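Keep in mind that what you see is a predicted model, and the values were worked out from it rather than measured. Convention: sequence-line order gives letters A, B, ...; per-chain numbering from 1.
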Amino acid sequence: MRMSVLVGRRYKERPAEATLDSHAFLLRGAYARQVANGIYSLLPAGYRVIRKIEAILREEMDRIGGQEVLMPVTLPRELWEESGRYGSVGSELVRFADRTGHDMVLAMTHEEGVLHLCRNEIDSYAQLPFMVYHIQTKFRDEPRSRGGLIRAREFTMKDAYSFHRTAEDLNDYYQVCYQAYQRIFARAGIPQVLAVQSDTGMMGGSVAHEFILLTEAGEDTIVISEDGGYLANLEVATGVIEAFPEDPLPLEKVHTPGCKTIEDVAGFLKIPERKTAKVVFYDRDADGRPVMALVRGDRDVNEAKLAKIIQAPPVPATDERIRSVGAEPGFASPMGVDASACRIVVDHTIAQSGNLVTGANESDYHFMNFNLARDLPGVDSVDIVEVKEGDGSPDGKGALAFRRGIEVGNIFQLGTKYTQSMEMTYTDESGKACTPIMGCYGIGVGRLMSSVMEVSHDKYGPIWPVSIAPWQVQLNAIKLAAPGVRETAETLYRDLQAAGIEVVYDDRDERPGVQFAEADLLGAPFRLIVSERNLANGCVEWKRRAVGDSGTMPVGEAVETARGWVDAAMAELERAADAL
RNA sequence: CGGGGCGUAGCGCAGCCCGGUUAGCGCGCCUGCUUUGGGAGCAGGAAGUCGCCGGUUCGAAUCCGGCCGCCCCGACCA
């Protein structure tokens, strides 16, 4: 590629809207341009990176028996009615009517699409197991996209779906996918990606892992034990939380004027916050009942955990709703509320504490010495608390710490959620109709590109792993008019290409500062510089961006040397993947 | 959806509070000359519905109202 005609203006200054380094380089290096909030066009440099990532994804999916298909972005409402998600998913699912008034949706994921496709193609146990995948646009009308391609509304995802006869078979294949994912990230130059236990969210299913790239730019909070043996998304993380058992004392009603928060109450009564019970109300559970959640006063409710228990998204309740069950906002407790009209969910931290302060369901009054077993008999405690840094690791080894990370991929054991609701069956040996068990496996392509940029750059630009670099070699020519410079550069450009190397050649008569700055933005791992100064000795200068070294070598050795660098760097990434 | 910020040339910004000729600056772009190792110098030039609509006024980038868009924080998020 000649830079004189490469489409995409590179910016000298950091665009105002960029908050992450990767976002700034995405725009400065002319990889992508925003069209609307969370919607991007890709320029040649960016699309070259994307295509290389997609090639790795295809190779690794094919390697584990995947069959590539392509499903549409636009799907009829009926399919999403079948799965139940037309109603259960919120406004991030774009719904619209076509010319004839037929309701349609833009796929935000493709379970419905793949069920439609596969349920009519499979009828025998002999056809199982299998996996299909595609690389396709998704649209999610995110309330808040950010970070360039880290979180876009329209984005490209590789999603794969496997179908099995047994849970054991799914589990085996899940491990195979897990390995494939590690190979993908290793080959893309980010072997440090970690697999962590995750929430299954709206996908349903049981077992799920997220593949997380640790970086402060990430949006997810990852809980990690000291030796790294325990890893989980904060949404599902459990911890060993210090308990404070006490022998029960008699309930005692105390006047607590105006103390509507835990902080007020603890301060007024001069007790630590952990000596209180925090009551949080949510609008409804799956049965439509108001939900009262209790955690120890120094703790917060983990709403992802709660959502699983109440089988509904936790939406805060209004004061009116709270009073409807006989509780008083700010002074609430489960004692005295209509237990049949209200779902009471109590965390283990409450069960493991004695003599807590809780509301009296009467303005300006609290009870002291609440004890779950005595005062709310028959209510079992569950885990709905959010862990904190410093809590004990559930594996008993050390304390938990928090880190930030980007979710670059995920894998789910879906079970029969979709095969059942969308009626996919096969016939087994005995002629009986059976429902396949499903797994699904996603990787965001653009997010992966941005993530690599986020963890592999210097102050001047991205430093691409050779496997996904838009170009493998950058060729610069300084002072084209000087004797031999243009000729040597042109010859090298031709010979490098002939040697199968992807080279971007700055054939503009720009000053060195401009050329080097823009080369840094394009991020090729290897650079060759032709200049009058070194040409006098028959040499060109070389620089290896990732390694950080540089030097000169005879012009005649440049192509072969570059070929060697590219091959060695590619081989190293492959080796890293094979070593897993 | 709540809170905050911002829309002025391709990019980054000033001007707005306190209305007043042809709306500025830096970078970039075009032409010419000089220059050539980390975003050059000189000279000349092109490029703007000041986000949109309406209102106030003799006069609006500037004041008022409505709308739209973008960014950040929060809520939300396979």
Pairing partner of [N] (Watson-Crick or G-U wobble, both distances under 3.5 Å):
N: B/A61; answer: none
N: B/G10; answer: B/C27
N: B/G37; answer: none
N: B/G32; answer: B/C42
N: B/U21; answer: none
N: B/U56; answer: none
N: B/C70; answer: B/G5

Between [X] (side chain) and [Y] (backbone), is there a donor-acceptor pair under 3.5 Å?
X: A/Gln413; Y: A/Val207; result: no
X: A/His134; Y: A/Met71; result: yes
X: A/Lys479; Y: A/Arg533; result: no

It should be established whether [X] places a side-chain nitrogen or oxygen under 4.0 Å from OP1 or OP2 of nucleotide [N].
X: A/Ser531; N: B/G37; result: no
X: A/Asn37; N: B/C71; result: yes
X: A/Gln515; N: B/U36; result: no

Atom pair CG/CZ of A/Asp347 and A/Arg299 - distance to nearest 0.5 Å | 9.0 Å
For A/Thr221 and A/Arg404, does a side-chain donor sit closer than 3.5 Å to a side-chain acceptor?
-> yes
Listed once per pair and sorted, the salt bridge (charged side-chain N to carboxylate O under 4.0 Å, His left out) pairs that draw on residues 514-525 of chain A, sequence neighbours left out = A/Arg10-A/Glu518, A/Arg508-A/Glu518, A/Asp520-A/Arg527, A/Asp520-A/Arg545
Base-contact (B) and sugar-phosphate-only (S) positions in nucleotides 4-15 of chain B, heavy-atom cut-off under 4.0 Å, - elsewhere = ------SBSS--
Its contact letters, B for base, S for sugar-phosphate only and - for none at protein heavy atoms under 4.0 Å, make nucleotides 40-47 of chain B read B-------
Considering only the P atoms, how many Å lie between B/A61 and B/U22, rounded to the nearest integer?
-> 11 Å
Using the C1' atoms only, state how far B/G28 lies from B/A9, rounded to an integer number of Å.
-> 11 Å
Test applied, ring-ring contact (aromatic ring centres under 6.0 Å, His included); reference residue, A/His209; option that passes from A/Tyr178, A/Tyr441, A/Tyr181 | A/Tyr178
Aromatic ring centroids of A/Phe130 and A/His164 under 6.0 Å?
-> no
So does A/Lys459 reach the base of B/G39 with its side chain, donor to acceptor, closer than 3.5 Å?
-> no
Tell me what A/Asn476 touches on the nucleic acid: a base, only sugar-phosphate, or nothing, going by heavy atoms under 4.0 Å.
-> nothing
With RNA chain B as reference, determine whether A/Glu407 or A/Arg153 sits nearer its 5' end, using the nearest nucleotide of each.
-> A/Arg153
Between A/Thr19 and A/Met157, who's closer to the 5' end of RNA chain B by nearest nucleotide?
-> A/Thr19
